[in-house]
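Worksheet: one structure, shown below.
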There are 2 protein chains.
Amino acid sequence: MLNSYSEEDKVLLAVDCIIFGFDQDDLKILLIKRDFEPEKGKWSLMGGFLKKDENLDHAASRILKHLTGITDIYMEQLYSFSEIDRDPVERTLSVAYFALINIAGHNEKLSEQFSAQWFSISDAPKLIFDHDKMVQHAIRRLRYRTSNEPVGFELLPKKFTMRQLQKLYEAIFGKKIDKRNFVNKINALGILIKLPEKDMSSSKKGSYLFQFDKLKYDKKVSEGFSFKL
Amino acid sequence: MLNSYSEEDKVLLAVDCIIFGFDQDDLKILLIKRDFEPEKGKWSLMGGFLKKDENLDHAASRILKHLTGITDIYMEQLYSFSEIDRDPVERTLSVAYFALINIAGHNEKLSEQFSAQWFSISDAPKLIFDHDKMVQHAIRRLRYRTSNEPVGFELLPKKFTMRQLQKLYEAIFGKKIDKRNFVNKINALGILIKLPEKDMSSSKKGSYLFQFDKLKYDKKVSEGFSFKL
DNA sequence: TCAAAAGTGTTCACCGTACACCCATGG
DNA sequence: CCATGGGTGTACGGTGAACACTTTTGA
């Protein structure tokens, strides 16, 4: 009794990742087709099991890297799902994580080899187990985070246009935003650098590129500033 | 392989509860003196282990009931803590829960028999393991919840005065609030019932008692209203 | 020259905040 | 009659939302 809690039950711990990306107009999630039973062939979140010698954050990163090759991205623990029969094979808890990535920056790596695929939130297939519930939860968290912290930029290329940023927020909140009000608000924050370059791909006139100024943001935060959108 | 994930590691899962109460002027948490090793005699959150046949919410309620006799209170899952060496005895994950109770309504039950004790947030003892981190996390969540949902009432008696409610919010946010502004804001919400009775214990004049009107609140929510303080 | 997207300011309503005096009562 | 806490309203500045026209340029 002194050196173990030996009477207690142990359980399997899964980690499932909701990976958000943004592409033009749509908020998307990355899913994989399960290649093992049960539910083989159905769509599912990226998942795996926690190992003895790692913590949850580490497991989430490892699983993501293993299934997509992606490293160094924004990740955050979401919630733990524990219904007794959530996995029909065996009692398994799952800790959900959510992650934000810039689709454009990673496209090549995950094509084919992992049978992972991007789906718009609005027309994703039904997922196995309680994964749909996890996604709903993740969307709520995403809305909260992007309202209160400058994490939305994780979903965009380093250099982006105002219009892209606006469309991102429109996709996250599922509603149109007035162009002028949006620009005013963003500029008032004073945390973007306006670059001299233009992106010419979306219009004849071209539109200025911006970059998130993390140094300025950190400085402002240390002076009491808080991001709100 | 078809009927088990047999290769995978299993772990012990603890559930620890941060229980908030409010008493006059102070926000408090309920702690127990550990009566087993390791760290016997030190102060700790209420905790226990998840059993095979229950989910996390159930475990949290069971543990709370077992250690304090209390049932039917507001509880919510907070976060999962998973550092490898967080418990020196054995690899253990802990899912933290936070709970809100009305101290006055439960005082008798938990005196002595459980060696549980209330501590003001500001002068609580150092806790074992990573429990202090859990408490910090819980305070953040408490601030968020009480700003956006009418859960603060869980910490007060059914009937309470405006002043008590104000002191509660002052304790949660750690700052003074203007009396007139507070009353205006609360009344504007339109979710309290002003009772004809007065509480005579705090002054000679006496102060009116109020009650949270859950029906009116639910109705307003269904019409698009959202609580903000 | 025209179509398509980019860029840009002002007005107004509402909300949050600052602020001070009278009331009721028990002692 | 006085000390203590209870109760109440207004004015102002700032923020969020509504709203329309001109510019650029490739086709």
Output the rounded distance in Å from CE (B/Met162) to P (D/dG7).
9 Å
Given protein heavy atoms under 4.0 Å, the one-letter contact record of nucleotides 9-17 of chain D, with B base, S sugar-phosphate only and - none, is simply B-------B
For a 4.0 angstrom threshold against heavy atoms of chain A, report the outermost contacting nucleotides of DNA chain C in 5' to 3' order.
C/dA5 to C/dG9
Main-chain N/O of B/Leu45 paired to B/His131 side chain as donor or acceptor, under 3.5 Å:
yes
Euclidean distance, atom NZ of residue A/Lys176 to atom P of D/dA18 [Å, nearest integer]
15 Å
Six-ring centre of B/Tyr208, B/Lys198 cation under 6.0 angstrom, axis tolerance 45°:
yes
Around atom CG of B/Asp123, are there more than 12 heavy atoms from other residues, nucleotides or ligands closer than 6.0 Å?
yes
Tell me whether A/Tyr74 contacts the main-chain N or O of A/Leu155 through its side chain, where contact means a donor paired with an acceptor under 3.5 Å.
no
May I have the distance from B/Leu209 (atom CG) to D/dG7 (atom P), rounded to whole angstrom?
9 Å
Expressed as a whole number of angstroms, how long is the span from B/Asp25:CG to D/dG5:C1'?
13 Å
Take atom NZ of B/Lys179 and atom P of D/dT8, then tell me their distance rounded to the nearest Å.
11 Å
Do you know which of A/Met134, A/His137, A/Glu76 makes side-chain contact (heavy atoms from CB on, under 4.5 Å) with A/Phe98?
A/Glu76
Rounded to the nearest Å, what distance is computed from the CG atom of residue B/Leu195 to the P atom of nucleotide D/dG6?
17 Å
Short question: side chain of A/Tyr97, backbone of A/Asp57 - any donor-acceptor pair under 3.5 Å?
yes
Round to a whole Å and report the spacing from CG of B/Leu165 to C1' of D/dG6.
15 Å
Is the A/Phe160 ring parallel, tilted or perpendicular to the A/Phe153 ring (thresholds 30°, 60°)?
parallel
Salt bridge B/Arg34-B/Glu39, side-chain N to carboxylate O under 4.0 Å
no
I want to check something: taking the side chain as every heavy atom from C-beta on, are A/Asn148 and A/Tyr144 in contact at a cut-off of under 4.5 Å?
yes
salt_bridge(B/Lys28, B/Asp26) N-O dist < 4.0 Å:
no
Taking CZ from B/Phe182 and P from D/dT8, how many angstroms apart are they, rounded to a whole number?
14 Å
Aromatic ring pairing B/Phe81/B/Tyr79, orientation class (parallel under 30°, perpendicular over 60°, tilted between)
perpendicular
Does any residue of residues 201-208 of chain B have a heavy atom under 4.0 Å from DNA chain D, and if so, which ones, in number order?
B/Ser202, B/Ser203, B/Lys205, B/Gly206, B/Ser207, B/Tyr208
Under 4.0 Å between any heavy atoms, over every strand shown, what does A/Lys198 touch: base, sugar-phosphate, or nothing? Just pick one.
nothing
